[in-house]
S.K.: 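There's a structure below that I have some questions on.
Here is the naming used below: chain letters follow the sequence lines, and residue numbers restart at 1 for every chain. Note that the coordinates shown come from a computational prediction; the quantities given were computed from them, not determined experimentally.
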There are 2 protein chains.
Amino acid sequence: MAVTIRDVARQAQVSVSTVSRALSAPGLVKDATRQRVLDVAAGLGYRPNRAARSLITGRTGNLGIVVPDLTNPFFPSVLRGVQTRAGEAGASVFFCDSREDPATEAELVRTMAAQVDGVVLCASLLCEEMIVELTALTPLVLINRVVPGVSSVLMDSASGTDQVVAHLESLGHRHFAYLGGPAAAWSNDRRLQGLAGRAEVLGCFDPNFGGGHEAAGRALETGATAFIAYNDLMALGVLSFLAARGVQVPEQISVPGFDDILYAAMCSPALTTVHMPTEDAGEVAVDLLAALLDGGPVERRDLPTNLVVRASTAAPI
Amino acid sequence: MAVTIRDVARQAQVSVSTVSRALSAPGLVKDATRQRVLDVAAGLGYRPNRAARSLITGRTGNLGIVVPDLTNPFFPSVLRGVQTRAGEAGASVFFCDSREDPATEAELVRTMAAQVDGVVLCASLLCEEMIVELTALTPLVLINRVVPGVSSVLMDSASGTDQVVAHLESLGHRHFAYLGGPAAAWSNDRRLQGLAGRAEVLGCFDPNFGGGHEAAGRALETGATAFIAYNDLMALGVLSFLAARGVQVPEQISVPGFDDILYAAMCSPALTTVHMPTEDAGEVAVDLLAALLDGGPVERRDLPTNLVVRASTAAPI
DNA sequence: CTGAAAGCGCTAACAG
DNA sequence: CTGTTAGCGCTTTCAG
């Protein structure tokens with residue numbers, strides 16, 4: 001069996017309570033005693049049993065995060081931020097991928113709830129009622145989703161959408177097609193709002209490469225000179241579809257995206273896209289969660305986005 | 001406070017031990033009793049406290065995985081496999097990103113060790129001694145790494161390398177440059193072995209887009225007609241560098257990669273690359289870990305890789 | 001400032 | 001097949 005608090009107590013010639021205090025409430029122990037305890041603990045390689053600790057404190061020191069699609073680089077980037085900040089706070093993080101399925105998402109949260117202090121829900125596809133219901137189970141922070149009474153950090157894509165439209169209009173475009181993402185996605189909603197009737201809206205597509213492929217085919221029939229994709233992954237699919245059809249980007253069609261994933265800069269033509277501060281969002285989400293756990297208020301934090309102009313947009317012919 | 005086993009026991013008119021058994025050792029309880037217990041538990045929304053359970057069983061029902069770089073799509077894909085299989089087994093998974101740093105990697109494993117039943121180490125950069133040392137802390141399964149006495153699942157890149165070389169030679173190439181990855185990486189070693197003096201080896205580069213950029217510059221000086229990149233991310237960097245220099249791929253230089261990440265098929269020209277069964281690897285790793293926990297033997301599993309020919313390779317001029 | 005003692009919620013012998 | 005009884009390792013009153 002591993003080394004326990006009792007082993008430390010014995011060797012440091014103090015009671016277990018003193019060891020416990022030395023470790024988790026340093027102020028309550030005389031400096032000299034605490035130092036001795038700490039030394040012994042280090043020497044023995046003592047690591048408190050978290051199960052025992054959380055059994056009594058009710059806190060686990062863990063937090064969870066669920067994302068809809070781990071293979072979309074957008075999310076690993078958020079995860080990094082979460083892990084960074086959680087690590088600083090001494091917390092470990094459970095992750096889950098819901099594969100864009102609301103039912104799975106809810107079940108994952110329920111499962112996690114039992115063993116974390118709180119969870120971060122990223123780009124949730126759950127209906128509002130369900131989110132509220134889950135809030136009763138465990139403290140929740142939303143990323144890119146707004147639900148009254150629930151903390152959230154937002155990478156505002158409406159202003160981003162404005163920038164895209166302004167950019168396109170300054171280039172001389174007049175006829176836009178918006179290739180929509182999941183109907184349940186807040187970001188999709190925001191983009192729709194930002195577009196506000198200024199674009200022809202094409203139904204909901206899978207927010208990935210394949211969805212972009214499919215959407216591009218439909219968009220070609222609209223006669224639009226710019227295809228605004230819900231996200232970069234879709235934009236990449238659009239690029240691939242158009243290339244195969246021999247349609248020139250950006251000469252014939254401009255294709256801006258959203259997210260600024262790593263590959264946006266690498267593909268050809270490189271994507272004009274709206275950059276999102278994903279890592280920051282992850283960090284802020286953890287901060288909000290921490291605040292919540294300390295009895296703080298529900299908060300909402302807006303993070304700025306900005307247009308990155310690359311090679312996939314240009315003046316129409 | 002949440003509903004406990006005692007609440008269930010009281011309402012079901014049985015002792016707590018019966019409830020416990022009904023839940024975790026169904027065979028030991030009369031059918032009728034068990035059914036009643038289960039009904040009450042469901043009615044009350046009872047969820048066993050995992051901390052309490054693991055305090056006594058010594059098992060957490062969790063497992064951990066650490067990867068060197070979450071933003072390399074190769075790893076999220078492995079993670080998916082891990083999560084899938086772990087989920088089937090009712091286990092949750094902790095993840096960590098070591099950011100290619102061995103010291104961080106070791107510390108992460110140590111931290112995790114306390115709260116998981118075992119950990120999967122993916123493409124570890126740790127030295128052999130350290131891995132052995134960690135094995136004493138928690139059951140370990142390696143992915144793409146070989147250490148005697150430790151279970152591992154391998155996506156064999158030596159045979160993949162052979163295929164690349166054969167493909168290139170059949171195209172007429174005679175002079176190859178290998179753009180190496182991390183010196184500590186097993187995959188890099190394997191690729192080196194597979195190349196066995198048949199390629200000019202260029203030092204160690206960061207296994208990412210930037211590393212590819214850097215490597216391409218160096219490779220250009222060798223006069224090689226094919227730049228074999230350590231991985232797809234690097235190959236993407238190479239492509240970008242060469243495009244900026246006006247060097248035609250594949251007409252002037254062929255650029256094969258390894259991994260077959262999602263973007264290998266999307267970039268232009270699409271990458272010829274060695275496909276790796278990443279999701280399978282994640283699943284198998286969990287299986288090996290489960291076997292280990294059940295007192296099974298250390299095992300080694302080799303997964304096949306295969307060359308996917310796309311557009312980044314062609315006959316030299 | 002420190003120690004003794006009482007559990008947190010659950011499982012695992014050991015009896016019946 | 002079921003109930004009783006002891007703790008798992010730790011934190012936290014409550015007394016000194």
S.K.: Can you pull out the residues from residues 35-51 of chain A that lie within a 4.0 Å heavy-atom distance of DNA chain D?
M.R.: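 Within this stretch, A:Y46, A:P48, A:N49 sit under 4.0 Å of the strand.
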
S.K.: Looking at residues at least two apart in the chain, or sitting in another chain, which of them share a ring pair (Phe, Tyr, Trp, His ring centres under 6.0 Å) with B:F75?
M.R.: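 With neighbours one apart ignored, the set is empty.
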
S.K.: Please report, rounded to the nearest Å, how far the P atom of D:dT5 is from the CZ atom of B:R6.
M.R.: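 After rounding, the gap between these two atoms is 13 Å.
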
S.K.: Just jot down the salt bridge (charged side-chain N to carboxylate O under 4.0 Å, His left out) partners of A:R85, sequence neighbours excluded, or say none.
M.R.: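 If we apply the salt bridge (charged side-chain N to carboxylate O under 4.0 Å, His left out) test to A:R85, skipping adjacent residues, the hits are A:E88, A:E283, A:D287.
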
S.K.: Only one of A:T104, A:V109, A:T111 clears side chain to side chain contact (heavy atoms under 4.5 Å, CB included) with A:E107; which?
M.R.: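 Testing each of A:T104, A:V109, A:T111 against A:E107, the sole residue satisfying side chain to side chain contact (heavy atoms under 4.5 Å, CB included) is A:T111.
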
S.K.: Give A:T33 one of three labels, base, sugar-phosphate or nothing, depending on what nucleic acid heavy atoms sit under 4.0 Å from its own.
M.R.: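 A:T33: backbone/sugar contact only, no base atoms under 4.0 Å.
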
S.K.: Just checking A:T18: base, sugar-phosphate only, or nothing, at a heavy-atom cut-off of under 4.0 Å?
M.R.: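 Answer is sugar-phosphate: A:T18 comes under 4.0 Å of backbone atoms only.
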
S.K.: Side chains of residues 125-143 of chain A: which donor-acceptor pairs under 3.5 Å do they make with residues two or more places apart or in other chains?
M.R.:
from, atom 1, to, atom 2, distance (Å)
A:T135, OG1, A:I131, O, 2.8

S.K.: Return the value, rounded to whole Å, for the distance between atom CD1 of A:I56 and atom P of C:dA6.
M.R.: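 So the two atoms are 14 Å apart, to the nearest Å.
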
S.K.: A:R53 has an atom CZ; how far is it from atom P of C:dC8, in whole Å?
M.R.: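 After rounding, the gap between these two atoms is 19 Å.
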
S.K.: With sequence neighbours excluded, what pairs up with B:D117 under the salt bridge (charged side-chain N to carboxylate O under 4.0 Å, His left out) test?
M.R.: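 Scan of B:D117 (salt bridge (charged side-chain N to carboxylate O under 4.0 Å, His left out), adjacent residues dropped) gives none.
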
S.K.: Note the angle between the end axes of the helix from C:dC1-D:dG16 to C:dG16-D:dC1, five pairs defining each, rounded to 10 degrees.
M.R.: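 Taking the rotation axis at each end, their angle is 30°.
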
S.K.: Which pairs of donor and acceptor atoms, one on a side chain in residues 16-29 of chain A, lie under 3.5 Å apart (sequence neighbours left out)?
M.R.:
from, atom 1, to, atom 2, distance (Å)
A:S17, OG, A:S15, OG, 3.3
A:T18, OG1, A:S15, OG, 3.3
A:S24, OG, A:S20, O, 2.8

S.K.: Tell me whether the side-chain N or O atoms of A:S17 pair up with the base of C:dA4 as donor and acceptor below 3.5 Å, since no angle test is needed here.
M.R.: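 Present.
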
S.K.: Round to the nearest Å and state the distance from B:L55 atom CG to C:dG7 atom P.
M.R.: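 Checked: the CG to P distance equals 17 Å.
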
S.K.: Which residues pass the ring pair (Phe, Tyr, Trp, His ring centres under 6.0 Å) test with B:F94, not counting sequence neighbours?
M.R.: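 B:F94: ring pair (Phe, Tyr, Trp, His ring centres under 6.0 Å) contacts with A:F94.
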
S.K.: How long is the line joining CZ of B:R10 and P of D:dG3, in whole Å?
M.R.: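 Rounding to the nearest Å, CZ of B:R10 and P of D:dG3 are 14 Å apart.
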
S.K.: Enumerate the residue pairs fulfilling salt bridge (Lys or Arg N to Asp or Glu O under 4.0 Å) with a member in residues 64-80 of chain A, sequence neighbours excluded, ordered by first and then second residue.
M.R.: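 Applying salt bridge (Lys or Arg N to Asp or Glu O under 4.0 Å) to every pair that reaches into residues 64-80 of chain A, excluding sequence neighbours, yields A:D69-B:R80, A:R80-B:D69, A:R80-B:D97.
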
S.K.: Take the protein atom CD1 of A:I5 and the nucleotide atom P of C:dG7, then report the distance between them rounded to whole Å.
M.R.: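 Distance check: A:I5 CD1 to C:dG7 P gives 19 Å.
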
S.K.: Ignoring hydrogens and geometry beyond distance, is a side-chain donor-acceptor pair present between A:Q115 and B:S92 at under 3.5 Å?
M.R.: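 A pair is found: one side chain offers a donor N or O, the other an acceptor, under 3.5 Å apart.
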
S.K.: Between residues 20-31 of chain B and DNA chain D, which residues have a heavy-atom gap below 4.0 Å?
M.R.: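 Residues of residues 20-31 of chain B under 4.0 Å from DNA chain D: B:R21, B:L28, B:V29, B:K30.
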
S.K.: Taking ring pair (Phe, Tyr, Trp, His ring centres under 6.0 Å) as the test, write out the residues that go with B:F95, two or more places apart.
M.R.: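 With neighbours one apart ignored, the set is A:F95.
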
S.K.: Would you mind reading off the distance between B:Q13 atom CD and D:dT2 atom C1', rounded to a whole angstrom?
M.R.: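 It works out to 14 Å between those atoms.
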
S.K.: Do any pairs count as a side-chain hydrogen bond (donor to acceptor under 3.5 Å, both in side chains) and have a residue in residues 35-48 of chain A, sequence neighbours left out, and if so which ones?
M.R.: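 The answer is A:Q35-A:D39.
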
